[in-house]
Amino acid sequence: MIFTPEKCALPDQRMKPFIDPEELWNYINTTVSDRESVRAVIAKSLDKKRLTLHETAILINATDPELIEEIKEGARELKKRVYGNRIVLFAPLYVGNKCTNNCKYCGFRASNKQAVRKTLSDQELIGEVEALEDNGQKRLILVYGEHPEYSPEYIAHTVRTVYGVKKGPGEIRRVNINAAPLEIDGFRIVKEAGIGTYQIFQETYHPEAYKTYHLGGKKRDFEYRLTALDRAQEAGIDDVGIGALFGLYDWRYEVLGLVRHTNHLEACYHVGPHTISFPRIQNASKLDLGTDYTVTDEEFARLVAILRLAVPYTGMILTARENARLRHEVIQFGVSQIDGGTKLELGSYSASVNEEQDLNREQFQINDNRSLNEIVDELVGNDFLPSFCTACYRRGRTGEHFMEFSVPGFIKRFCSPNAMLTLAEYLEDYAPADTKKKGWEVIDKNLDELQQHEDSVNINELRIRLLRVKSGERDLYF
Ligand code: SAM
Ligand code: SF4
């Protein structure tokens, strides 16, 4: 991998804080963005090269609507050329919402006495996983508040429990984590349980702004959080996810913060983030931020396109925080993973709770509460290829996003065939008749397209495996 370290992004900066707000603001305040420079930067990204902070700032500072359109078009083109039409599906599963922190934006904050606290018992956890399997989910992200009860051992225990649940043809094949930062030993314990990605969002990369939102608990320590994924790497977890909570501070600065974090991980560990998330603040129980850094839909679409171009190899996650219309639009700018059938209330996948969200029981409001099947149906209706693939992780092909991106033919040999095989399982086991019909049409269309590429998987073998799935075999992958 060829990376371009920038100021401070040096290998000896392991475990050291790497954010200099003045440096990031300087890029925003001094970078000139004109037609030529914007086009040159888009062309560099389409040439599959990572952008520097300066180049990212050129995109950020483009304000001419025509240029903004070109940036979005560039992101669309990059997605088309590099990743094709696959979208990986997952669901979040909240395990416990006890929390000793006081994050102003979060319904679970310790000072929110109206929050209804709950930690799933083993039996309840199993019930939730069974319900998710019954919907067809194969990939989960487990979410926890920060609390002494949620120790590394406890997290590892819940991960193992989830992997152990098999209902009918259902099983969870990849468990990711979103939890508080751990010490190196703690990360080791969690790694041993077989997690996929460890995801931690910095929330805001601006240390002063960070202080104003994090009013109590361990999460007040900006630097401890900033270096969390360094400790994960030191513990051998090389599959990490970063993110910023948009709406806490200036979005332009946060985009540079994410790129800076990427630089740091690349320089120190020779592996960038597996995923970048860009959650936007949503309403939460008694939410009162006291600031206004609202990111409009238009700015949101722009920042997603800019992130896609800035770090072309990374996975990009778009969640049900955003409504269906915006998700539909933004997916085209290079999003690779979305959640479907999302429920945030603890225990709500298995229990019949009100359709209406109760914000005292949930972390925040979601705006896309469609079922997994509604999402799959929309995706196949728009010629996307929904995927539940977990093959790379299970075959030990770590750094898969980078391989998809950089190894010629990788997508055609592995990702597309595995997407088709996992979609076929879903269609056979869980989809209603009309989704099933549309889904198989999309598989056939993708098979025809694959057939035209010499470097693709052995197409006859893929056809045979699809037939084997049709006749009841499961978990076939390349
Ligand atoms: N307790 C862990 C932590 O803070 O790292 C887990 C994180 S939380 C359960 C997952 C993420 O949700 C947070 O990192 C934050 O970015 C996001 N979040 C919190 N409140 C939110 C809100 N009101 N709207 C949208 N996202 C929110
Ligand atoms: Fe707790 Fe995480 Fe919510 Fe902060 S964001 S209050 S740490 S659950």
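All ligand and atom numbering here is 1-based and tracks the order in the structure.
- Between Phe187 and Tyr198, the distance from one ring center to the other falls under 6.0 angstrom.
- Aromatic ring centroids of Tyr293 and Tyr249 lie under 6.0 Å apart.
- Using cut-offs of 30° and 60° on the angle between ring planes, the pair His261 and Phe18 is tilted.
- Under the rule for a salt bridge (charged side-chain N to carboxylate O under 4.0 Å, His left out), the partners of Lys167 that lie at least two apart in sequence or sit in another chain are Asp134.
- Taking every heavy atom of both residues into account, Glu345 and Arg361 meet most closely at OE2-CD, 3.3 Å.
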Give every pair made of an N or O atom of ligand 1 and a protein N or O atom lying under 3.5 Å apart, one pair per line with both atom names and the distance to 0.1 Å, or write 'none'.
{"residue": "ligand 1", "atom": "1 (N)", "partner": "Tyr144", "partner atom": "O", "Å": "3.0"}
{"residue": "ligand 1", "atom": "4 (O)", "partner": "Lys219", "partner atom": "NZ", "Å": "2.8"}
{"residue": "ligand 1", "atom": "5 (O)", "partner": "Arg225", "partner atom": "NH1", "Å": "3.4"}
{"residue": "ligand 1", "atom": "5 (O)", "partner": "Arg225", "partner atom": "NH2", "Å": "2.7"}
{"residue": "ligand 1", "atom": "12 (O)", "partner": "Arg321", "partner atom": "NH2", "Å": "3.1"}
{"residue": "ligand 1", "atom": "14 (O)", "partner": "Glu203", "partner atom": "OE1", "Å": "3.4"}
{"residue": "ligand 1", "atom": "14 (O)", "partner": "Glu203", "partner atom": "OE2", "Å": "2.6"}
{"residue": "ligand 1", "atom": "16 (O)", "partner": "Glu203", "partner atom": "OE1", "Å": "2.5"}
{"residue": "ligand 1", "atom": "23 (N)", "partner": "Tyr105", "partner atom": "O", "Å": "2.8"}
{"residue": "ligand 1", "atom": "23 (N)", "partner": "Gln282", "partner atom": "O", "Å": "3.0"}
{"residue": "ligand 1", "atom": "24 (N)", "partner": "Gln282", "partner atom": "N", "Å": "2.9"}
{"residue": "ligand 1", "atom": "26 (N)", "partner": "Arg321", "partner atom": "NE", "Å": "2.9"}

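- Arg220 meets the salt bridge (charged side-chain N to carboxylate O under 4.0 Å, His left out) test with no other residue; sequence neighbours excluded.
- Scanning the protein for heavy atoms near atom 5 (S) of ligand 2, the closest one is Lys219 NZ, 3.4 Å.
- His206 has its ring centre no less than 6.0 Å from the ring centre of Tyr213.
- In this structure, Tyr393 and Tyr163 have parallel ring planes: the angle between them is below the 30° cut-off, well short of the 60° mark.
- Only protein N, O or S atoms were considered, and those under 2.8 Å from atom 3 (Fe) of ligand 2 are Cys106 SG.
- Residues Arg173 and Glu425 are paired through a salt bridge, judged by an N-O separation under 4.0 Å between the basic side chain and the carboxylate.
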**Request:** Starting from the C-alpha separation in whole Å, work towards a yes-or-no answer on side-chain hydrogen bond (donor to acceptor under 3.5 Å, both in side chains) for Asn373 and Thr435.
**Result:** CA-CA 8 Å; Asn373 194 71; Thr435 308; 3.1 Å; yes

